[in-house]
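All chains are named by letter (A, B, ...) in the order of the sequence lines, taking the proteins before the strands, and each is independently numbered beginning at 1. Worth knowing before you read on, the calculation uses all heavy atoms, side chains too, and leaves out hydrogens, waters and symmetry mates. All values reported here derive from a predicted model rather than from experimental measurement.
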Amino acid sequence: MLRNRIQEAVEKAYREGVAKGAFPDVSLSASHQVVPPKQEVHGDFASNLALITASRLKRSPREMAGCLAKTLKSDPLFDKIEVAGPGFLNFFIATTWWQKNLRTIWEAGDSYGESDAGNGRLVQLEFVSANPTGPLHVGHGRGAAVGDSLARVLKAAGFNVEREYYINDIGNQMRTLGASVYLRYLEHFGHEVEFPEEYYQGDYIRDIASSIASGEGDRYLDMPQESCLTFFIDTAVKIIASDIRKDLEEFRVHYDNWFSEKTLHESGLVDRTISELQDKGYIFEEEGALWFRATALGDEKDRVVKRSNGILTYFASDIAYHRHKLERGYDLLVDIWGADHHGYVARVKAAIRALGYQEDKLHVLLVQLVNLLEGGKIKAMSTRAGEFVTLREVLDDVGSDAARFIFLTRRCDSHLDFDLDLARSQTQENPVYYVQYAHARLSSVFRNAREQGISLTKPQDIDISLLSTPEDIKLLKQLDAFPCLVADSALALEPYRVSYYLTELAGQLHSYYTRHRFIADDEDLTQARLLLADVTRRIFHKGLGLLGVSAPEKM
RNA sequence: CCGCCCAUAGCUCAACUGGAUAGAGCAGCGGACUUCUAAUCCGCAGGCUGCAGGUUCGAAUCCUGCUGGGCGGACCA
């Protein structure tokens with residue numbers, strides 16, 4: 001990663017200046033950045049170190065930058081160093097470095113893009129965690145794509161990652177679910193029932209009821225609801241959870257753990273946690289209910305953990321659940337929630353502090369809601385009323401690749417319009433194919449080369465100086481940026497950056513493709529370009545893999 | 001009434017988290033296939049970054065106040 005190397009070099013030059021007494025010692029804040037400038041004329045990388053320190057040193061930034069430049073000039077990596085604008089240091093990298101770097105990338109093989117930025121820290125990602133009361137809808141799909149892709153990116157950046165799905169398999173809504181199925185079961189056998197409005201209306205409830213009917217017959221007909229409710233709940237949850245699992249599998253989303261809320265109660269952890277918080281003075285009683293004193297820890301209201309009827313709230317489970325997670329020893333917890341749950345962030349963080357942990361142990365990623373568009377109109381969605389577009393429908397319709405890519409081309413806190421017509425379209429407008437096509441084109445180059453009896457020789461024997469056109473250099477630079485991109489994307493918890501990178505890389509590749517032939521008339525040139533093609537293709541493969549999107553050999 | 005998020009080209013979104021002249025893709029217009037895949041490329045056009053102040057070397061980005069949209073605010077989940 002060239003950027004890191006330059007950053008270190010600049011900071012080292014600064015410390016040398018300090019040692020020589022050229023300028024006083026001021027701690028370098030994290031705001032020192034070495035980044036590629038927007039304008040090409042400003043070089044390959046720029047440092048703002050002089051700008052951020054000068055004011056504190058009461059020095060002119062340009063003068064400081066000049067000092068640093070003098071020290072850095074001896075490094076053969078740089079073709080030219082300029083002091084520009086208000087005091088930027090602009091670095092121009094020697095062409096030969098970019099070319100040689102291609103061999104380095106090639107040698108890294110399939111691991112290119114990986115880094116140890118995460119230092120082996122253990123991160124737990126919890127995402128989707130939809131209640132097992134119905135099928136996943138499109139909004140869950142977004143959470144799934146973001147969570148799964150983030151996990152892949154973190155792993156590539158040297159974090160250890162565990163993915164977890166929290167199943168709310170206990171409580172009031174489970175009773176409602178069981179009762180809904182029970183009533184449909186009665187209906188199945190021709191009984192007249194009154195189906196309450198607040199029950200689950202979707203057709204899938206009928207499907208579950210009839211599958212119970214065909215498996216178990218009418219043996220529950222004469223039983224009072226109370227005695228068979230548990231059976232209906234368990235069966236419904238089992239069926240729905242397994243459907244959810246199947247949908248996620250098809251979406252290429254995998255979990256390490258499926259964590260049941262029920263087990264938190266069965267093990268007594270919920271009660272134990274509450275009584276411990278009580279000992280610490282964070283729980284008080286009022287009007288017959290138990291409250292968590294969240295206001296003492298930054299939340300705007302105190303929250304009920306046990307209602308006056310003796311029933312624990314879901315928040316009580318959430319406290320115990322996060323405690324359980326914290327005690328498992330993760331360095332960082334990431335929860336991915338729908339943006340409509342933003343009100344929960346403060347109270348869960350308050351709970352974490354009450355449990356004696358730093359609140360920044362938990363990072364909550366809020367994923368904005370998805371508007372599904374068809375024919376330019378928004379499709380309404382309501383889970384209860386059974387009016388929603390399921391993830392499965394979307395997958396059957398547009399496919400996993402298009403869906404995942406669209407979910408991952410937006411930062412997650414922006415509202416997302418999912419245009420079904422666009423996702424469905426097999427042509428131009430659909431951005432997924434743009435990237436996949438680049439991979440397919442490169443694969444095709446190698447198919448043709450093989451047919452002509454050409455194969456890539458050892459990189460050491462290839463004359464890489466032949467890769468000297470502006471398109472070559474541009475591509476070489478973009479290839480170098482990949483590991484940095486992955487690391488940054490992981491540290492910022494922003495997997496969408498990968499899709500932007502790949503779109504840009506695809507643009508450069510397509511442009512290159514129309515201008516130059518990989519299989520050229522000249523043998524040496526062909527070898528050099530095939531090396532470039534091979535490395536580029538591997539980055540597409542790797543990058544698409546980070547998004548969970550396939551990299552087709554043919555399209 | 002209170003709180004959180006959003007507002008950038010006609011549309012959907014970027015801008016490396018405070019950096020230099022705000023960029024892509026669609027849509028629009030004009031060009032490029034007897035040569036490795038035209039699901040592609042090249043060019044043109046498109047902007048007072050919702051409005052008004054403030055902070056500093058420097059603001060789409062930070063702070064304040066407005067405007068408009070989304071979502072929350074139960075002993076519901």
Side-chain angles (χ1 to χ4, degrees), chain A residues 3 31 33-39 41-42 46 48 51-52 54-55 60-62 84-88 90 131 133 168 171-173 176 198 286-291 300-301 303-309 311 313-315 338-346 366 368-369 371 373 376 406 409-411 413-419 422 425-434 436-438 440-449 451-452 454 481 484-485 488-489 492 494 496-497 500-501 503-504 506-507 509-521 526 529-530 533 554-555:
Chain A
R3 189 190 66 181
S31 53
Q33 299 175 335
V34 171
V35 291
K38 283 179 196 155
Q39 306 283 318
V41 291
H42 294 138
N48 64 348
L51 285 163
I52 59 163
S55 68
S60 142
R62 288 194 63 103
F88 287 104
N90 291 343
N131 297 336
T133 54
N168 297 101
N172 217 11
Q173 57 183 5
T176 308
E198 67 272 19
E286 195 174 286
E287 294 174 25
L290 287 184
W291 298 70
E300 53 179 14
K301 282 178 187 168
R303 310 291 177 178
V304 173
V305 288
K306 190 182 231 171
R307 293 188 268 162
S308 53
N309 62 9
I311 294 177
T313 62
Y314 278 81
F315 180 51
D340 52 340
H341 288 72
H342 67 254
Y344 265 62
V345 179
L366 294 174
Q368 280 293 344
L369 306 181
N371 286 325
L373 294 175
I406 288 169
T409 18
R410 267 110 205 173
R411 47 185 314 153
D413 57 3
S414 76
H415 299 258
L416 165 59
D417 287 340
F418 192 105
D419 189 333
L422 181 72
S425 75
Q426 294 274 317
T427 45
Q428 316 106 304
E429 309 120 28
N430 199 330
V432 196
Y433 301 116
Y434 188 74
Q436 289 186 320
Y437 185 49
R441 271 186 148 175
L442 288 169
S443 305
S444 160
V445 166
F446 282 97
R447 272 197 303 275
N448 284 298
E451 271 171 30
Q452 293 175 38
I454 304 168
C484 259
L485 177 276
D488 286 352
S489 177
E494 290 179 344
Y496 78 92
R497 292 189 193 188
Y500 271 90
Y501 171 87
T503 305
E504 222 169 282
L509 187 273
H510 288 311
S511 184
Y512 192 100
Y513 189 94
T514 43
R515 252 174 239 204
H516 307 289
R517 292 183 54 81
F518 285 99
I519 302 171
D521 298 331
T526 300
R529 288 189 174 159
L530 283 181
K554 261 187 202 175
M555 285 174 75

Between [N] ([atom2]) and [X] ([atom1]): distance, integer Å:
| X | N | atom1 | atom2 | result |
| --- | --- | --- | --- | --- |
| A:D488 | B:rA15 | CG | P | 12 Å |
| A:R517 | B:rU40 | CZ | C1' | 15 Å |
| A:Y500 | B:rA24 | OH | P | 13 Å |
| A:Q368 | B:rU12 | CD | C1' | 16 Å |
| A:R410 | B:rC6 | CZ | P | 17 Å |
| A:E504 | B:rA24 | CD | P | 9 Å |
| A:L416 | B:rC13 | CG | C1' | 10 Å |
| A:Y512 | B:rC42 | OH | P | 15 Å |

Side chain of [X], backbone of [Y]: donor and acceptor closer than 3.5 Å?
| X | Y | answer |
| --- | --- | --- |
| A:T313 | A:K306 | no |
| A:T526 | A:A520 | yes |
| A:H342 | A:A339 | yes |
| A:R62 | A:G85 | yes |

Any strand is fair game: report the nucleotide pairing with [N] by Watson-Crick or G-U wobble, both distances under 3.5 Å, or none.
| N | value |
| --- | --- |
| B:rC1 | B:rG73 |
| B:rU21 | none |
| B:rA7 | B:rU67 |
| B:rC48 | none |
| B:rU40 | B:rA32 |

Of the options [options], whose atoms approach the side-chain atoms of [X] most closely?
| X | options | answer |
| --- | --- | --- |
| A:Q39 | B:rU40, B:rG23, B:rC36 | B:rG23 |
| A:A440 | B:rU37, B:rA20, B:rA14 | B:rU37 |
| A:M555 | B:rU37, B:rC36, B:rG23 | B:rU37 |
| A:Y513 | B:rC41, B:rU37, B:rU21 | B:rU37 |

Base, sugar-phosphate, or nothing: which does [X] touch, judged by heavy atoms less than 4.0 Å apart?
| X | result |
| --- | --- |
| A:T409 | sugar-phosphate |
| A:A84 | base |
| A:D521 | nothing |

Euclidean distance for [atom1], [N] against [M] (whole angstrom):
| N | M | atom1 | value |
| --- | --- | --- | --- |
| B:rC13 | B:rG47 | C1' | 15 Å |
| B:rC75 | B:rC51 | C1' | 44 Å |
| B:rU35 | B:rG19 | P | 47 Å |
| B:rU61 | B:rG50 | C1' | 15 Å |
| B:rA7 | B:rG68 | C1' | 9 Å |

OP1 or OP2 of B:rU40 sitting under 4.0 Å from any side-chain N/O of A:S511?
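Result: no.
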Would you say A:N448 places a side-chain N or O within less than 4.0 Å of OP1 or OP2 belonging to B:rU37?
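Yes, such a contact exists.
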Say you draw a straight line from CZ of A:F518 to CG of A:N448; how long is it, rounded to the nearest 0.5 Å?
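A:F518 CZ to A:N448 CG: 12.5 Å, rounded to 0.5 Å.
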Can you tell me how far apart OH (A:Y513) and OH (A:Y437) are? Round to the nearest 0.5 Å.
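Rounded to the nearest 0.5 Å, the OH-OH separation comes to 6.5 Å.
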What pairs of nitrogen or oxygen atoms, one from the protein and one from nucleotides 17-19 of chain B, lie under 3.5 Å apart?
from   : atom 1 : to     : atom 2 : distance (Å)
B:rU17 : OP1    : A:Q33  : NE2    : 2.7
B:rU17 : OP2    : A:Q33  : NE2    : 2.4
B:rU17 : O5'    : A:Q33  : NE2    : 3.1
B:rU17 : N3     : A:R497 : NH2    : 3.3
B:rU17 : O4     : A:E494 : OE1    : 2.5
B:rU17 : O4     : A:E494 : OE2    : 2.3
B:rU17 : O4     : A:R497 : NH2    : 3.1

Going by the glycosidic torsion and a 90 degree boundary from 0, is the base of B:rC51 oriented syn or anti?
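Base orientation relative to the sugar is anti.
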B:rU17, syn or anti by chi within 90 degrees of zero
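You should classify B:rU17 as syn.
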Going by heavy atoms in the side chains, are [X] and [Y] under 4.5 Å from each other?
| X | Y | result |
| --- | --- | --- |
| A:F88 | A:L51 | yes |
| A:E198 | A:T176 | no |
| A:W291 | A:V305 | no |

Is a side-chain donor-acceptor pair under 3.5 Å present for A:Q173 with A:N168?
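Their side chains do not contain a donor-acceptor pair, so the 3.5 Å distance test is not met.
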Closest non-hydrogen atom pair between A:R410 and A:Y496, with its separation:
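Taking A:R410 first and A:Y496 second, the nearest heavy atoms are O-CB, 3.5 Å.
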Closest nucleotide of RNA chain B for A:Y437 versus for A:P36: which of these residues is on the 5' side?
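The answer here is A:P36.
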Hey, which of these two, A:V41 or A:R3, hits RNA chain B nearer its 5' end, going by closest nucleotide?
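Whichever sits nearer the 5' end wins; that is A:R3.
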Base, backbone or nothing for each nucleotide of nucleotides 72-77 of chain B, written B, S, -, heavy atoms under 4.0 angstrom, 5' to 3'?
SSSBSB
Whether over 12 other heavy atoms sit under 6.0 Å from A:D521 CG:
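It does not: A:D521 CG has 12 such atoms or fewer within range.
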